[in-house]
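The sequence lines fix the lettering, A, B, ..., with proteins before strands; numbering per chain opens at 1.
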Protein chains: 2
Amino acid sequence: MSAQAQHPEASVATTPKAPRRAPASDAGADTRDRLIDAARACLQSEGIAGVSARAIARHGDLNQALVFYHYGAVEGLLQEVARIDSDRRAQLYATELAAVATLAELVAVGRRIHDAEAARGSTVVLSQLLAGAHSSPALGEAVHGGMAAWTTLVEQALGRVLANTPLASVVPIGDIAYAIASLFLGLELMGGVDGDLERVDSLFTSLDAVSALVDALLRSGTA
Amino acid sequence: MSAQAQHPEASVATTPKAPRRAPASDAGADTRDRLIDAARACLQSEGIAGVSARAIARHGDLNQALVFYHYGAVEGLLQEVARIDSDRRAQLYATELAAVATLAELVAVGRRIHDAEAARGSTVVLSQLLAGAHSSPALGEAVHGGMAAWTTLVEQALGRVLANTPLASVVPIGDIAYAIASLFLGLELMGGVDGDLERVDSLFTSLDAVSALVDALLRSGTA
DNA sequence: GTCTATACATGGATAGAC
DNA sequence: GTCTATCCATGTATAGAC
């Protein structure tokens with residue numbers, strides 16, 4: 001994904017050139033959207049190793065040069081994808097998790113989100129971006145924000161679930177939230193390889209039963 | 001990572017050419033080992049997106065053409081890396097998990113394995129291979145075997161832990177084992193991005209406490 | 001803002017010398 | 001079995017026309 005670097009680096013971008021990122025202005029906004037979508041599609045079907053300005057352009061029937069005009073380089077575009085997806089995800093999770101008050105509900109929301117994200121293919125995109133982030137600090141930074149927001153939201157929901165419960169002071173909520181977020185990621189990666197769609201479904205069904213049990217125990221231990 | 005494919009495909013490899021895989025014979029065995037090591041190092045420091053025959057050669061001070069002579073193509077070499085690492089991992093896990101009889105021991109083994117694998121960098125390699133596997137069925141196949149073996153070993157250990165326990169008939173061992181394996185993977189990916197080494201340590205410490213508690217409950221519920 | 005054309009670099013893969 | 005040299009495909013990035 002990288003060749004040379006005869007770019008003048010991060011100069012101040014004097015006047016009309018190299019809008020390192022979206023100029024925020026009106027015109028070309030549609031093209032930028034199409035570039036984002038194309039990059040996502042490319043990431044999804046070719047993987048991070050198959051991404052290039054030309055490959056992205058193909059996926060959106062766009063001109064290869066537009067990547068450089070609007071984002072300076074392929075990586076700039078990928079960073080933008082990471083940011084946008086992070087925001088969308090944060091909003092989705094915030095909405096879904098807002099009403100969660102029991103473990104069973106948390107599991108149900110987890111399944112719903114997983115199914116929706118898997119169907120949309122956005123977890124594939126995320127895992128590919130994460131793999132790419134390993135060798136690109138800037139991309140890593142762009143992805144990291146989204147992960148942190150994710151973990152925080154799960155943490156808050158967990159806090160609500162366990163509030164006024166004997167477990168509240170025992171269970172390390174931050175750790176568990178981190179584990180849950182990691183588990184989500186791992187499930188996607190595993191699923192991408194073994195192609196076993198029923199596995200995750202079975203897992204969630206098991207968690208349904210277990211969470212209902214724990215909820216009952218919690219209610220009896222509190223009240 | 002791919003350009004053209006003017007390779008005669010998987011012909012029968014008449015006589016002296018294109019030993020699609022390691023000829024198993026003596027000579028050149030050392031070179032093959034060095035190629036494997038170089039590929040691993042390359043995967044680790046450049047990521048799947050930065051892997052190429054030339055990049056691999058650089059990492060091992062080898063000649064680029066050797067990749068094609070010994071493995072037919074870059075992907076063949078990566079598949080070999082996946083297989084070898086899978087075998088090593090399966091052996092390590094089998095040894096470590098053999099003595100596990102309680103949840104606390106399982107957690108302790110989990111921490112030890114995670115630390116060892118993280119220190120060695122082999123989880124980074126695995127996650128990069130997994131990302132690459134998404135767009136390469138053959139590589140996916142090579143990686144999948146290792147994951148399955150992994151899950152199976154955890155499953156067997158869990159079975160032993162819960163044997164003669166009220167939970168044995170309630171807990172879906174296969175699902176939990178799959179979740180544990182996924183969690184391992186996810187933790188590595190997360191860690192690669194947020195660079196927070198203490199997080200996982202903290203998580204394992206929490207799990208130590210929880211597992212000890214559950215073990216006590218199990219023992220009192222059985223005996 | 002978008003396109004075509006083009007420079008230059010890198011990578012896959014092979015032939016042939018050693 | 002390993003190396004050098006080489007061909008050709010692909011990719012990055014820019015210049016300049018529209």
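The separation between B:Tyr71 atom OH and D:dG1 atom P is 12 Å, rounded to whole Å. Distance CZ (B:Arg32) to C1' (D:dG1): 10 Å, rounded to an integer number of Å. Following rounding to the nearest Å, A:Asp30 (CG) and C:dG1 (C1') show an atom-to-atom distance of 12 Å. Rounded to an integer number of Å, the gap from CG of A:Leu35 to C1' of C:dT2 is 11 Å. Rounded to an integer number of Å, the gap from A:Asp33 CG to C:dT2 P is 11 Å. In this structure, CD of B:Glu46 is placed 13 Å from P of C:dT10, rounded to the nearest angstrom. Atom CZ in B:Phe68 sits roughly 15 Å away from atom C1' in D:dA5 (whole-Å rounding). Between A:Leu66 atom CG and C:dT2 atom P there is a gap of 6 Å when expressed in whole angstrom units.
The nucleotide whose nearest atom lies closest to any side-chain atom of A:Asn63 is, among C:dG11, C:dC3, D:dT4, C:dC3. Checking C:dT4, C:dG12, D:dT2 against the side-chain heavy atoms of B:Tyr69 singles out D:dT2 as nearest. For B:His70, taking side-chain heavy atoms from C-beta onward, the closest of the listed nucleotides D:dT2, D:dG11, D:dT14 is D:dT2. Closest to the side chain of A:Ala65, from the set C:dG12, C:dG1, C:dC3, is C:dC3.
Ring geometry for B:Phe184 versus B:Phe204: interplanar angle over 60°, hence perpendicular rather than tilted (30 to 60°).
The closest donor-acceptor contact from the side chain of B:His134 to the backbone of A:Gln44 lies under 3.5 Å. With hydrogens and angles ignored, the 3.5 Å screen pairs a side-chain donor or acceptor of B:Arg160 with a backbone N or O of B:Ala98.
Pairs engaging residues 113-128 of chain A under the salt bridge (charged side-chain N to carboxylate O under 4.0 Å, His left out) rule: A:Arg88-A:Glu117, A:Arg89-A:Glu117 [sequence neighbours left out].
A sub-4.0 Å separation between OP1 or OP2 of D:dG11 and a side-chain N or O of A:Arg58 is present.
Ranked by how close their nearest DNA chain D nucleotide is to the 5' end, B:Thr31 and B:Gln64 are led by B:Thr31.
Under the 4.5 Å side-chain criterion, counting only non-hydrogen atoms from C-beta, B:His70 is in contact with B:Thr31.
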